[in-house]
Amino acid sequence: MKITGVELRRVQMPLVAPFRTSFKEELHRDILLVRVVTPEAEGWGECVTMESPLYSEEYTDGAAEVMRRFLIPALTARPDLDANRVAPTLAKFKGHPMAKAALEMAVLDAELRAAGVSFGRYLGAVRDEVRCGVSVGIMNSIGELLDAVAGYLEEGYLRIKLKIQPGWDIAPVRAVRERFGDDVPLQVDANAAYALTDARTLARLDEFDLELIEQPLAAGDLYQHAALAKQVRTPICLDESIKSAEDAALALAIGACSIVNIKPGRVGGYLEARRIHDLCQANGIAVWCGGMLETGLGRAANVALAALPGFTLPGDTSASRRYYAADITEPFVLREGRLAVPREPGLGVSPLPDRLAEVTSDTEWVRA
Ligand SMILES: CSCC[C@@H](NC(=O)CCC(=O)O)C(=O)O
Ligand SMILES: [Mg+2]
């Protein structure tokens with residue numbers, strides 16, 4: 001395929017409620033969308049960067065700039081591009097996995113729409129629907145948290161993930177266990193808020209029979225996570241630490257984690273995400289699909305990925321209404337705790353033109 005041009009489009013998506021983690025409180029998402037135009041078809045990509053470099057080193061304005069100056073020109077120079085060639089073409093540019101992932105996603109979408117093949121079928125989906133969990137932010141009170149969890153359980157979510165940080169960990173987890181019982185699959189995500197010196201506090205979470213503790217320590221602390229894993233019984237799951245299949249192989253080799261949260265943007269794209277899935281499956285390691293509050297575009301791709309055989313745990317693949325009153329695509333609606341895998345070619349969804357226009361704050365055409 002030859003790219004004839006790329007549109008960079010910024011959309012402003014207000015959240016239905018504040019979403020607070022150990023590093024930030026989100027009130028809205030300023031999202032960079034990418035539309036790749038080729039003679040055969042167009043494709044959409046979603047860049048999952050935050051506005052500021054607080055989750056990882058990337059941020060949205062930086063992603064747009066690196067795409068505009070380096071990544072898009074490298075891709076448009078190739079007359080023979082396809083999705084498998086995006087990462088090798090961009091490999092000479094260091095880092096920027098989320099920016100690269102958005103472009104690969106858009107090229108893959110265009111390629112698959114032209115071929116009449118869905119994301120799920122291309123990636124290797126074995127299910128027509130995926131079991132869904134939900135991520136619950138840090139709240140102002142235990143009461144507010146319990147009301148939120150009650151609402152999500154009522155909606156049918158099959159797993160609850162609680163954001164934690166020092167000072168908001170043991171008490172909220174205990175309160176959720178006491179209110180909703182021991183049978184609700186429950187896990188926590190610290191977003192790297194703890195240090196190895198907090199091992200005793202983290203070990204106190206063992207009494208609550210959690211599915212996992214996600215990213216307790218800093219992204220670069222692989223060795224420290226391996227040391228922590230020897231001091232807590234609850235399985236350690238990594239998120240921010242795993243930026244490639246190579247990182248995953250090292251983390252498994254040194255015992256830094258026993259479960260992996262796979263986020264295509266964090267690892268440079270859906271093809272690398274599949275490689276991590278394959279590596280983990282071959283090593284008997286469970287994986288699940290993480291989330292970055294995606295619109296229906298990224299949500300469609302994540303749900304397709306989550307249908308691969310090794311995704312045995314419910315992911316943060318929630319319904320559109322978890323974050324947005326009105327998505328930019330037809331909404332993903334939870335049914336019996338599950339989301340259906342799109343079956344149409346490519347992502348299987350497209351932005352609704354009127355809705356997209358409503359939320360667009362900027363659009364820029366980068367000519368090939
Ligand atoms: C704004 S924080 C985004 C990263 C966070 N994502 C979630 O908690 C799930 C978000 C979602 O449901 O998309 C994580 O560290 O796993
Ligand atoms: Mg996480």
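For ligands, and for the atoms within them, numbers begin at 1 and follow the listed sequence.
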Response to the item:
Taken by chain and residue number, the protein N/O/S atoms under 2.8 Å from the Mg ion (ligand 2) read Asp189 OD2, Glu214 OE2, Asp239 OD2
Worksheet item: So does Glu330 have more than 12 non-hydrogen atoms from other groups sitting under 6.0 Å from CD?
Response: no
Worksheet item: Should the heavy atoms of other residues, nucleotides or ligands under 6.0 Å from CZ of Arg321 be counted, would the total exceed 12?
Response: no
Worksheet item: If only atom types and distance count, is the side chain of Glu207 paired as donor or acceptor with the main-chain N or O of Leu205 below 3.5 Å?
Response: no
Item to complete: Check each protein residue for a heavy atom under 4.0 Å from ligand 1 and list those that pass, ordered by chain and number.
Response: Phe19, Thr21, Phe23, Glu26, Met50, Tyr55, Ser135, Lys161, Lys163, Asp189, Asn191, Glu214, Asp239, Lys263, Gly291, Met292, Leu293, Asp316, Tyr323
Item to complete: Apply the side chain to side chain donor-acceptor pair (under 3.5 Å) test between Asn191 and each candidate in Glu240, Glu214, Gln215, Gln165; give the one that qualifies.
Response: Glu240
Discussion item. If we count only N and O atoms by modelled type, under 3.5 Å, do the side chains of Arg322 and Thr317 hold a donor and an acceptor together?
Written reply: no
Worksheet entry | Any donor-acceptor pair under 3.5 Å from Arg127 side chain to Leu308 backbone | yes
Practice prompt. Please determine which of Thr295, Thr329, Asp327 meets the side chain to side chain donor-acceptor pair (under 3.5 Å) test together with Ser320.
Written response: Asp327
Discussion item. Counting neighbours of CZ on Arg78 that are heavy atoms of other residues, nucleotides or ligands and sit closer than 6.0 Å, is the number greater than 12?
Written reply: yes
Worksheet item: Cut-off 3.5 Å, side chains only: do Glu272 and Ser244 have a donor facing an acceptor?
Response: no
